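When a residue number appears, it is its place in the shown sequence, counting from 1. Ligands are counted one by one from 1 in listed order, and the atoms in each one are counted from 1 as well. Fair warning: this is a prediction, and the values are worked out from it, not measured in the lab.
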Amino acid sequence: MADYRKQGDVAVLHANNPPVNALSYHVRQGLYDGIEAAEKDPSVKCIVICGKGKTFPVGADIREFASGSAKKFPNLIEVCDKIEACTKPVVAAIHGFALGGGLEISLGCHYRIGGTSCKVGFPEVNIGVLPGAGGTQRLPRVIGLKPSLDIITSGCHVGAKEALKLGILDKIVQGDVVTEGIKFAKSVQNQPLHGRRVSTMAVPDVSQANALCNSAMAEVKRKSSGLLAPVACVKSLRVAAQTPYKDGIKIESALMLQLMTSGQAKALQYAFFAERLASKWQVPGGASHATVTPRPVKSCAVVGGGYMGSGIVMCILNAGLPCILVEANQKFLDRGIKMIQGLYAGSVKLGKMSEQDAKKTLSLLKPTLRYEDLKDVDVVIEAVFEDMKLKQEVFGKLDKVCKKDALLCSNTSTLNIDKIASATRRPDRVMGMHFFAPAYYMKLLENIRGAETSPQTVATVTQLSVKIGKVPVLVGNCHGFVGNRMMAPYTTEAQRLLEEGAYPHQVDQVIEEFGIPIGPLKVGDLTGLDVSWKITREVSRMLGLDHTKREDVEPFGLYFPVRNALYEKGRLGRKTGAGFYKYEKAGSKVAIPDPLVMDIIDHHCREEGIDRRRIPPQEIYERCLYSLINEGFKTLEEGIAARPEDVDIIWLLGYGWPRYTGGPMHFASQIGLRRLYGRIEYYHNKYPDRDHWTPSRLLKTLSQQEHPVPLAQWGQFASTTSRL
Ligand SMILES: CC/C=C\CC(=O)SCCNC(=O)CCNC(=O)[C@H](O)C(C)(C)COP(=O)(O)OP(=O)(O)OC[C@H]1O[C@@H](n2cnc3c(N)ncnc32)[C@H](O)[C@@H]1OP(=O)(O)O
């Protein structure tokens with residue numbers, strides 16, 4: 001709703017819908033009625049629109065898009081037009097954020113003032129739509145087409161100073177923005193409104209409209225291939241330059257309708273809420289984010305200053321927390337410090353950070369060679385080499401020196417967290433924190449709870465994860481957890497396809513066209529074929545198998561003859577300038593299909609008596625993606641992943657899965673679970689020896705329901721199909 005109050009001859013309208021004043025039906029109605037009441041009241045001379053609590057409205061209520069309430073009278077266009085048509089001056093007093101529909105409301109006002117820390121923007125492209133309440137028509141009339149194209153197609157926030165410079169804000173004010181808004185409104189209450197109604201203005205840089213829009217269109221197509229919303233934004237902005245407002249707004253609405261009904265908008269909005277759901281954990285037994293209080297974390301330590309460890313240190317320092325870095329010897333410690341210092345120097349050079357801030361942040365780092373220095377820290381994150389024996393050794397030492405209630409966490413990507421915890425006398429205070437590289441940049445944190453991890457440990461680690469800027473997803477303990485476990489069948493199928501008839505570039509092309517930025521074989525080259533070779537050896541060893549014996553490893557999906565042949569020839573990937581592809585030189589990024597690799601593959605097939613066949617792109621697509629999705633359902637049925645949304649966030653933020661499909665689980669719901677199950681069963685019959693094609697029980701159950709089960713209800717079926 002919106003609160004209406006009078007202060008002297010000023011009517012103050014507060015949008016009141018915590019926590020972010022989203023413009024749901026009651027808020028729109030409140031604003032509309034408020035303007036009408038103020039207009040009718042002869043004692044009111046001017047009006048201020050503002051937001052209750054921490055922000056100005058941040059946009060339409062995204063949940064209303066699906067329910068249809070967004071269309072109810074008055075819709076946002078009608079509210080903005082009502083404000084603009086008011087015969088008394090209306091001032092938007094902005095604090096916090098004015099985003100999307102919130103910014104559109106303010107552009108409907110005759111004046112806009114903002115607090116020093118306010119931010120404005122049109123983030124609609126991030127949720128698959130456009131500023132559909134006149135934003136694409138009004139903004140260019142205020143600030144010109146060029147900056148409007150940048151702001152609307154990027155979805156970026158614009159700070160107060162920049163907004164003032166551009167002309168979005170008329171004034172920046174210190175102190176309470178509503179008090180200042182009232183003062184400002186009084187100062188303009190006798191000014192004529194002619195020239196202040198944005199829809200009547202001309203676009204200033206209209207003469208360059210074609211050139212600007214053509215280049216913006218080329219840019220959005222290049223940058224966001226496959227995304228519909230940025231393209232629609234450019235189209236709508238071009239219309240603003242060519243058409244009067246009354247016609248432009250109709251075209252904007254038509255484009256909005258097209259986007260709203262596209263699968264992309266639905267998927268992106270789903271991803272928006274899934275991301276916010278991620279940190280709201282619950283564990284079997286009922287403890288949850290809502291019931292358990294985290295312990296305060298005042299200091300941290302990281303063991304291991306390699307690439308991952310250094311990145312983790314930076315996340316902690318960036319959050320303003322002191323961090324001790326421990327290394328095994330001076331050489332490694334110096335290397336870690338140098339890496340961290342270098343990355344901060346880079347940020348300063350790029351203008352992302354001031355030299356003073358970098359210095360201040362770095363002063364929170366305390367390098368040491370002595371484990372004893374960790375005796376007072378609240379949380380330790382171990383980031384040593386992925387080797388169980390080594391990790392257990394480190395945890396044993398930590399357990400001895402760290403205070404009793406300190407949490408001990410392992411940055412492991414695959415290893416059994418219970419086994420690591422068994423090296424301590426505090427398994428209830430041990431957790432996995434699987435960071436993604438580069439750790440200072442990637443937002444995902446896959447947090448792994450062991451069998452004995454206490455709810456308070458989960459709460460504390462989750463809170464710390466959010467504090468260091470991550471999106472934490474709580475998962476259970478199994479080999480590879482959720483992300484890497486699902487990765488396994490995907491990469492296995494990619495490699496098996498090579499033995500049956502495909503070449504690396506053909507597999508990667510299908511996956512990249514789907515929207516994953518780097519295909520699985522290019523990822524293999526990036527990670528290093530020696531690394532994956534060693535992982536296969538380690539996993540085989542853990543299973544008691546001889547990794548050199550085909551008959552041993554093949555039934556476990558660990559037989560990769562093409563990869564092995566390349567590895568044996570010293571083709572280790574990008575770093576050696578040759579792997580599944582060739583590269584101009586060692587370290588180059590551009591992967592070039594290599595006839596030599598094709599010969600190696602052909603030779604292997606001849607030796608094995610394999611008749612190579614043409615593999616259609618659809619088969620590549622299904623075998624890589626559906627095997628991965630099937631594994632995702634298995635993580636759900638086993639309770640390793642708590643919710644389908646969690647699986648999706650892991651793949652969206654950690655593995656480059658295209659956000660406009662919502663993630664593997666949302667994508668599955670769009671394919672249709674019956675159809676998906678049918679295809680998985682088909683491949684299971686074709687490749688009965690590959691365990692990853694055994695259909696998930698959960699998927700089977702869901703696919704057999706008479707009506708499609710909404711994704712949010714899959715969890716109810718997971719418990720009945722669980723094998724655990
Ligand atoms: C005709 C259509 C016209 C216009 C189209 C639009 O206006 S589309 C909407 C455009 N606006 C946005 O996309 C803003 C989205 N919100 C944000 O970017 C962030 O929430 C924000 C404002 C930067 C605040 O971030 P913060 O980290 O402080 O909070 P958080 O994101 O966790 O949000 C708090 C809770 O509010 C819910 N929420 C946020 N925005 C909306 C929204 N627009 N509609 C509905 N709900 C919203 C969010 O889900 C959180 O809910 P919770 O239940 O607490 O998890």
Side-chain angles (χ1 to χ4, degrees), residues 15 17-28 31 51-81 94-108 117-139 151-152 154-159 229 232-233 236 249-261 265-266 268-281 288-290 443 462 466-467 469-472 643 645 649 659 712:
N17 186 17
V20 290
N21 292 319
L23 293 155
S24 50
Y25 162 68
H26 292 289
V27 181
R28 299 196 307 270
L31 290 174
K52 195 119 188 157
K54 65 174 188 180
T55 184
F56 197 80
V58 304
D61 184 338
I62 302 168
R63 291 191 198 277
E64 281 195 350
F65 290 161
S67 71
S69 298
K71 291 189 195 138
K72 262 169 100 174
F73 178 86
N75 66 27
L76 255 178
I77 297 179
E78 287 155 340
V79 176
C80 294
D81 287 351
I94 299 169
H95 78 296
F97 294 97
L99 304 177
L103 183 52
E104 285 169 317
I105 292 272
S106 79
L107 291 169
S117 60
C118 79
K119 287 192 173 126
V120 302
F122 281 121
E124 280 85 342
V125 283
N126 299 328
I127 52 164
V129 294
L130 52 67
T136 65
Q137 304 304 298
R138 282 198 175 92
L139 188 66
I151 291 172
I152 292 178
S154 72
C156 288
H157 296 166
V158 178
C233 288
S236 199
I249 193 85
K250 286 185 197 144
I251 296 173
E252 183 192 86
S253 293
L255 287 164
M256 180 71 162
L257 186 67
Q258 276 175 22
L259 291 175
M260 282 284 207
T261 47
K266 197 173 161 199
L268 288 164
Q269 288 158 29
Y270 159 83
F272 175 88
F273 289 113
E275 196 166 322
R276 280 150 183 85
L277 184 68
S279 56
K280 296 180 176 124
W281 58 273
S288 78
H289 69 100
K443 281 181 81 180
T462 304
V466 172
K467 179 152 188 173
K470 303 297 176 196
V471 177
R643 300 169 291 221
E645 290 92 334
I649 287 305
R659 196 169 173 97

Using a 4.0 Å heavy-atom threshold (strictly under), name the region of [X] that reaches ligand 1: side chain, backbone, both or neither.
X	value
Lys54	side chain
Phe122	neither
Val20	side chain
Ile127	side chain
Ile62	both

Which protein heavy atom lies closest to [atom], and at what distance to 0.1 Å?
atom	result
atom 31 (O) of ligand 1	Arg276 NE, 2.6 Å
atom 16 (N) of ligand 1	Phe272 CZ, 3.6 Å
atom 45 (C) of ligand 1	Asp61 OD1, 3.3 Å
atom 4 (C) of ligand 1	Glu104 OE1, 3.4 Å
atom 46 (N) of ligand 1	Phe273 CE2, 4.0 Å
atom 5 (C) of ligand 1	Glu124 OE2, 3.4 Å

Work out which heavy atom in [X] is nearest to a heavy atom in [Y]; give both atom names and the distance.
X	Y	value
Leu268	Val125	CD1-O, 4.2 Å
Val129	Gln269	CG1-NE2, 3.8 Å
Gly128	Ala229	C-CB, 3.7 Å

Would [atom] count as contacted, meaning some protein heavy atom under 4.0 Å?
atom	result
atom 21 (C) of ligand 1	no
atom 25 (O) of ligand 1	no
atom 13 (O) of ligand 1	yes
atom 53 (O) of ligand 1	yes
atom 49 (O) of ligand 1	yes

Compute the minimum heavy-atom distance from [X] to ligand 1 and say whether it is under 4.0 Å.
X	value
Pro19	yes
Pro123	yes
Leu76	yes

[X] vs [Y] side-chain heavy atoms within contact, under 4.5 Å:
X	Y	result
Asn126	Phe272	no
Val471	Arg276	no
Leu31	Leu23	yes
His289	Thr462	no
Val79	Ile105	yes
Glu252	Leu130	yes

Q) Can you list the atoms of ligand 1 that are under 4.0 Å from a heavy atom of Met256? A)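 Checking each atom against Met256, I get 1 (C), 2 (C).
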Q: Look only at interatomic distance and state if Lys280 has a nitrogen or oxygen under 3.5 Å from any nitrogen or oxygen of ligand 1.
A: yes
**Q.** Test of proximity, Gly101 against ligand 1: N or O pairs below 3.5 Å
**A.** yes
Q) Given Pro131, which of Leu107, Leu76, Thr136, Leu99 fulfils the side-chain contact (heavy atoms from CB on, under 4.5 Å) condition? A)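 Testing each of Leu107, Leu76, Thr136, Leu99 against Pro131, the sole residue satisfying side-chain contact (heavy atoms from CB on, under 4.5 Å) is Thr136.
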Q | The one among Gly59, Pro57, Ala22, Ala60 that brings a heavy atom closest to atom 43 (N) of ligand 1 | A | Ala60
(Q) I'd like to know if Glu275 and Arg659 make a salt bridge, using a cut-off of under 4.0 Å between side-chain N and carboxylate O. (A)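 Yes.
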Q.
Around atom NZ of Lys470, are there more than 12 heavy atoms from other residues, nucleotides or ligands closer than 6.0 Å?
A.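 Yes, enclosed.
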Q | Phe56 and Val120: CA distance, side-chain angles, deciding distance, side-chain contact (heavy atoms from CB on, under 4.5 Å) verdict | A | CA-CA 10 Å; Phe56 197 80; Val120 302; over 6 Å; no
